[in-house]
Amino acid sequence: MQKTDSINVETTVNSGQVFLWNKIGEQWIGIDGQDIMILRQKPYNLKSSGNIDNFLRKDDDLEKILKNISIDSTVRGAIKQSPGLRLIRQDPFQCYISFVCSSNSSIQNIKSMLENLCRKFGIKKELGGYQLYTFPKVETLANATMKELLDCRLGFRAKYVKEAAKAVYSNKINFKDLRKSNYQEAVRSLKSILGIGNKIADCIALFSLDKLEAFPIDRWTQRILLKYYKDSFCDISEKPLTEKKYEKLHDDIVKYFGPYAGYSQQFLFKMERDLNKKSWL
DNA sequence: TCATCACCTGGAGA
DNA sequence: ATCTCCAGGTGAT
């Protein structure tokens, strides 16, 4: 169990894992499923209707994990740059819908789509003097009309969100089961949903299903591999990965980075986007 | 199995 | 102003 002051709230919220967060003064206020959370760095005064320790994965043995992934100077540099960065254990349904919405979009636009969904389908709750809408429940989203979803500016993702929500509602996708199953099985199951490919399945597996060997390879990660790991992994280019190449590369990555590969991805992703001055929330 | 291409939308840059 | 291009990808052909 790590100390709370080893976690950097600002860095962690601004690392592309979560989208429904806003900074007000010194506090970060966000939505995780049906919970509202208020985080602040100093003093470490946290308020939530949910379990913040669980959300911030305080049960992870960071010392062990960081030691395990510190296998080259690139990762060590990335960790040194954002030592307080942590993976988050999100509400699975919110994470699943969030990353279905992420396809071919920007962080700002993803955030906007999700805020629209909450406003239209969520429940207004109050915490610490703030009122905000929770994330839509499975049933609500599964029964939403296409018009309502399109009104949330989801674009071509509207039908994916609808189908994805229906799959959970009908229990075709069961997050408790996926949490128990292994990485391969969870990804295979998620990919049976329209709109979910390898990259999005990896995000859901890593950020909400405790699959720490998931290593989402997006545009940025691919650039990172090309820039720093050209010699470690064969056949890397800037061209989009085919499904087969993604899976082969992922196998090689787990062999190289180990069982906590997902943590290394998070540090590398954060480092490279900051280096390119890309904006977060 | 692989290569192309289209796809909603909003913002940035020419 | 208007256009083009791109953004944490994926599905159809």
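So that the names make sense, note that chain A is the first sequence line, chain B the second, and so on, each numbered from 1.
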Participant: Given dG8(C), is OP1 or OP2 found less than 4.0 Å from the side-chain N or O atoms of Arg219(A)?
Facilitator: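 For Arg219(A), the contact criterion (side-chain N or O under 4.0 Å from OP1 or OP2 of dG8(C)) is not met.
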
Participant: Report yes if a side-chain nitrogen or oxygen of Arg157(A) is closer than 4.0 Å to either non-bridging phosphate oxygen (OP1 or OP2) of dG8(C); otherwise report no.
Facilitator: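 For Arg157(A), the contact criterion (side-chain N or O under 4.0 Å from OP1 or OP2 of dG8(C)) is not met.
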
Participant: What about Lys199(A), does its side chain sit under 3.5 Å from the base of dG8(C) through a donor-acceptor pair?
Facilitator: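 Yes, the side chain and the base share a sub-3.5 Å donor-acceptor pair.
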
Participant: Quick check: Phe215(A) with Tyr263(A) (ring centres under 6.0 Å apart)?
Facilitator: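 Tyr263(A) vs Phe215(A): aromatic centres not under 6.0 Å.
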
Participant: dT4(C) and dA6(B): how far apart are their P atoms, nearest whole angstrom?
Facilitator: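 About 14 Å, rounded to a whole number of Å.
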
Participant: Give me the distance, rounded to whole Å, that separates dC8(B) from dT13(C) when you measure between the P atoms they each carry.
Facilitator: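 Nearest-Å result for dC8(B) against dT13(C) at atom P: 14 Å.
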
Participant: With a 4.0 Å cut-off on heavy atoms, is Ile110(A) in touch with a base, just the backbone sugar-phosphate, or nothing at all?
Facilitator: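 Ile110(A): no heavy atom of the nucleic acid under 4.0 Å.
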
Participant: Would you mind telling me which of dG8(C), dG11(C), dA7(C) lies closest to the side-chain atoms of Leu194(A)?
Facilitator: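 Nearest listed nucleotide: dG11(C).
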
Participant: Could you please name the option among dC2(B), dG8(C), dA12(C) that lies closest to any side-chain atom of Thr242(A)?
Facilitator: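 Per side-chain heavy atoms of Thr242(A), the pick is dC2(B).
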
Participant: Ser103(A) side chain: which of dG9(C), dC2(B), dG8(C) is closest?
Facilitator: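 Selected nucleotide (nearest to the side chain): dG9(C).
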
Participant: Is the shortest side-chain N to carboxylate O distance from Asp151(A) to Lys147(A) below 4.0 Å?
Facilitator: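 Between Lys147(A) and Asp151(A) there is a salt bridge, with a charged N closer than 4.0 Å to a carboxylate O.
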
Participant: Ignoring the backbone of Ser106(A), work out which of dA12(C), dT10(C), dA7(C) is nearest its side chain.
Facilitator: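 Of the options given, the side chain of Ser106(A) lies nearest dA7(C).
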
